[in-house]
Amino acid sequence: MAEQRPPGGGGAALLHRHRGLRLGLLLGPPMLWLGVLYLGSLAALFITSLWTVDAFGGNIERIWNLDNYRDLFTLDVYRTITVRTLLTAVAVTVIDALLAFPIALYMAKVASPRLQRLLVIAVLTPLWASYLVKAYAWRGMFATGGPLDAVGISPGYGLAATILTLSYLWLPYMILPMYAGLERLPSSLIEASADLGASTATTMRRVVLPVLFPAAVAGSIFTFSLTLGDYIAVKIVGGANQMLGNVVYDSFLTGNNLPFAAAVATIPVAVMLVYLTAVRRTGALDSL
């Protein structure tokens, strides 16, 4: 029986025979975009961080040095801001994980298929609203005379308000990966665990958590990285507190010091590289 040839000329036949060529043509443009624009931008950011600004004229001096990084690591104020940013990112990630787990578990294993669709829409709906609208809504919640202040539980503007606001903003990014992970868990495994006499805690620890952990790690990448780079919510509800994003914003727009802003911006990038490397070594993402 003669080999069936794809319709079209010689080009189509060549693509049909060479699977690697088809894959290269498919992935080439996005990989080029990633390499030239994204990685190129990071390289430009790092190069800029090695320059300085003329103290008198405010012009950038393209003299290679490590003065910006020395200031970051020797001045107490920047060490404090870095630690505060990291702790805030960890707190937001932990809060979102604790809130997302029961929601995702109910969506995946308790709710009916119709209710599942409605709950997914409910989780996605806040993402359609403007970031500023949501942040200013929380500002109104924390304001003097606001709803939380009226019942005596408002923390006021500050670090606690920042953590609560960011936890709300990034919560859908934790719920959806957890929901997707738990949905792949066969209900028969949970039922078998119960039939074998395992308690609820044992079932959670030995059946649910091994499946949930990779999904939680995937969600933490979003919540952790988005918190590291955020500066708008801190401006709106953070009071006098500063985070790394604010230092970048103020150094670039207010201080007219682009090299120092670039040096500060490399800290979240370096932290995320370390975090992603650690996550990859755990093998958590291989189970997704």
Side-chain angles (χ1 to χ4, degrees), residues 80-112 114-180 182 212 215-216 218-250 253-254 268:
T80 301
I81 291 174
T82 300
V83 172
R84 180 188 300 132
T85 302
L86 292 174
L87 292 179
T88 300
V90 172
V92 170
T93 299
V94 171
I95 291 173
D96 280 347
L98 294 177
L99 293 176
F101 172 62
I103 299 173
L105 184 61
Y106 180 83
M107 291 170 59
K109 296 304 173 188
V110 179
S112 63
R114 182 174 181 274
L115 184 56
Q116 280 184 2
R117 292 191 291 269
L118 293 177
L119 290 175
V120 170
I121 294 174
V123 171
L124 291 174
T125 298
L127 299 179
W128 301 342
S130 169
Y131 177 102
L132 290 176
V133 170
K134 293 181 288 188
Y136 273 105
W138 277 99
R139 179 180 176 86
M141 295 281 287
F142 298 128
T144 301
L148 295 180
D149 185 55
V151 296
I153 60 173
S154 176
Y157 301 139
L159 187 59
T162 301
I163 293 174
L164 291 175
T165 301
L166 292 176
S167 297
Y168 165 77
L169 291 172
W170 312 142
L171 182 59
Y173 297 101
M174 183 65 78
I175 293 177
L176 293 176
M178 282 191 173
Y179 165 69
L182 290 173
L212 183 67
S220 72
I221 294 174
F222 292 101
T223 59
F224 191 79
S225 62
L226 291 172
T227 302
L228 283 181
D230 188 270
Y231 68 95
I232 300 176
V234 186
K235 287 282 188 182
I236 294 174
V237 301
N241 290 283
Q242 278 194 317
M243 291 172 58
L244 289 174
N246 303 95
V247 177
V248 175
Y249 179 88
D250 294 336
L253 293 180
T254 305

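- Contact check for Pro102 versus Leu105: no side-chain heavy atoms found under the 4.5 Å cut-off.
- Ring geometry for Trp138 versus Tyr168: interplanar angle of 30 to 60°, hence tilted.
- Residue Ala108 comes nearest to Leu182 through the heavy atom pair CB-CB, 3.7 Å, listed as atom of the first residue, atom of the second, then distance.
- Under a cut-off of 6.0 angstrom, the local environment of OH in Tyr249 is sparse, with at most 12 non-hydrogen atoms contributed by other residues, nucleotides or ligands.
- Scanning both residues, Gly140 and Pro147, for their nearest heavy atoms gives O-CD, 3.6 Å.
- Relative ring orientation between Tyr131 and Trp170 is described as tilted, the plane-to-plane angle lying within the 30° to 60° band.
- Of all the heavy atoms in Met174 and Ala100, the pair that sits closest is CG-CB, 3.6 Å.
- The backbone N or O of Leu169 lies less than 3.5 Å from no partner atom in the side chain of Lys134, so there is not a single donor-acceptor pair.
- Across all non-hydrogen atoms, the minimal contact from Leu86 to Leu228 is CD2-CD2, 3.8 Å.
- Taking all atoms of both residues into account, the shortest heavy-atom contact from Leu124 to Leu176 is CD2-CD1, 3.4 Å.
- Between the Ser167 side chain and the Ile95 main chain, no donor and acceptor come within less than 3.5 Å of each other.
- More than 12 heavy atoms of other residues, nucleotides or ligands sit less than 6.0 Å from atom OH of Tyr157.
- Taking the side chain as every heavy atom from C-beta outward, Ile81 and Arg84 approach each other to under 4.5 Å.
- If you run side-chain contact (heavy atoms from CB on, under 4.5 Å) between Met243 and each of Asp230, Thr82, Thr227, only Thr227 comes through.
- Proximity of a side-chain donor or acceptor of Thr165 to a complementary backbone N or O of Thr162 within less than 3.5 Å is not detected.
- Nearest heavy atoms, Met178 versus Ala97: CE-O, 3.8 Å.
- In this structure, the side chain of Asn241 engages the main chain of Gly238 through a donor-acceptor pair within 3.5 Å.
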